[in-house]
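What follows is a short report on a single structure.
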Amino acid sequence: MLILDGKIASAAVKADLLLQTQALKAAGKRTPHLAAILVGSNGASETYVASKVKNCEETGFESSLYRFDVNVDESILLQQIEALNKDPKVDGILVQLPLPKHISESKVIEAIHPAKDVDGFHPVNVGRLVQGLNTFIPATPYGIILMLEYFNIETKGKNAVVIGRSNIVGRPMSILLSSNIPQGNCTVTICHSHTKNLKEICAGADIIVAALGVPNFLTGDMIKPGAVIIDVGITRVEDATAKKGFRIKGDVNYEEAILKASAVTPVPGGVGLMTIAGLLKNTMKAYIGL
Ligand code: GUN
């Protein structure tokens, strides 16, 4: 059984990016610059954004964080995005999701210039992804592809099941796995809350990507012997014995999965770290130009 260690795979991606930024610095050029926008103070969002900023520093990127009160007007946010769109020293713009209910996520996403949309959420970039054109791949699916590549996981002709159809993970993941790329060419089934026979569908899969946000959802009886299991879940579950009062739980019952699967991503230390690697690669891509 192979543990798909995100620490190892993301370190390789980051080391490569660091070499590139060092070369830019040596040539007297500026380095890639990521601008992150955070609205409110949701604990998980705070952690993710802090980690994104820290990882920028570690790879020699510039970063700036724009924080807004939870009650901020949508128009103020749109103005900030417009200023960043126009700033030639900013390569990538990221608005951490979810946003408060009074702000339209789609309006905000569509306000980001597609050439700076390092999350790959803009409809123009999603369209490019669907058509197999060069684009920004959303960071989590991109990170999973980088992980499969790093560990030489064969995907061609395999039956892949993606559980979850979000714009951030499930849907782009299903498109990538079915597309004609080295880590694609799978026959993909996308499952969601209305799927019937989910257990049977999973039990027939060679690769499962669990991205539904329900801790311990995927149990051993849903896993075919030798399957590859990718766990995207990162739910905070209250636990008074933990230092922070909660533990991070994946969508996969890890103890059961390791008894059946040929490879499993741990949580934490798996896909989460690869998401950051995907975002950093997209920021370098934005700097160079699509
Ligand atoms: N919230 C959860 N995942 C993501 C992500 O990949 N990007 C952004 N901007 N927000 C998120």
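Numbering of ligands and ligand atoms starts at 1, following listing order. Source: prediction; values computed, not measured.
Residue contacts with ligand 1: Thr275 is placed with no nitrogen or oxygen under 3.5 Å of a nitrogen or oxygen of the ligand (distance criterion only). Distances between N or O atoms of Tyr48 and those of ligand 1 include no value under 3.5 Å.
Summarising the local packing, CD of Glu238 is surrounded by 12 or fewer heavy atoms from other residues, nucleotides or ligands at distances under 6.0 Å.
Listed by first and then second residue, the salt bridge (charged side-chain N to carboxylate O under 4.0 Å, His left out) pairs that reach into residues 242-269 are Asp239-Arg247, sequence neighbours excluded.
Of the protein's non-hydrogen atoms, the one nearest atom 6 (O) of ligand 1 is Asp119 OD1, 3.8 Å. Nearest protein heavy-atom contact of atom 11 (C) of ligand 1 is Gln96 NE2, 3.3 Å. Protein heavy atom nearest atom 3 (N) of ligand 1, with residue, atom name and distance: Ile168 CG2, 3.9 Å.
A salt bridge links Glu58 with Lys14: at least one charged nitrogen is closer than 4.0 Å to a carboxylate oxygen. A salt bridge does not link Lys116 to Asp87: none of the charged nitrogens lies less than 4.0 Å from a carboxylate oxygen.
When non-hydrogen atoms are compared, ligand 1 lies under 4.0 Å from the backbone of Leu97 as well as from its side chain. When heavy-atom distances to ligand 1 are checked against a 4.0 Å cut-off, Leu279 has no atom that comes that close, whether in backbone or side chain.
Applying the side-chain contact (heavy atoms from CB on, under 4.5 Å) criterion to Thr275, with sequence neighbours excluded, gives Ala139, Thr140, Val271.
When all heavy atoms of Tyr150 and Ala12 are compared, the pair lying nearest together is CE1-CB, 3.6 Å.
Shown in contact with Val95 at under 4.0 Å from a heavy atom are these atoms of ligand 1, numbered in order with element: 8 (C), 9 (N).
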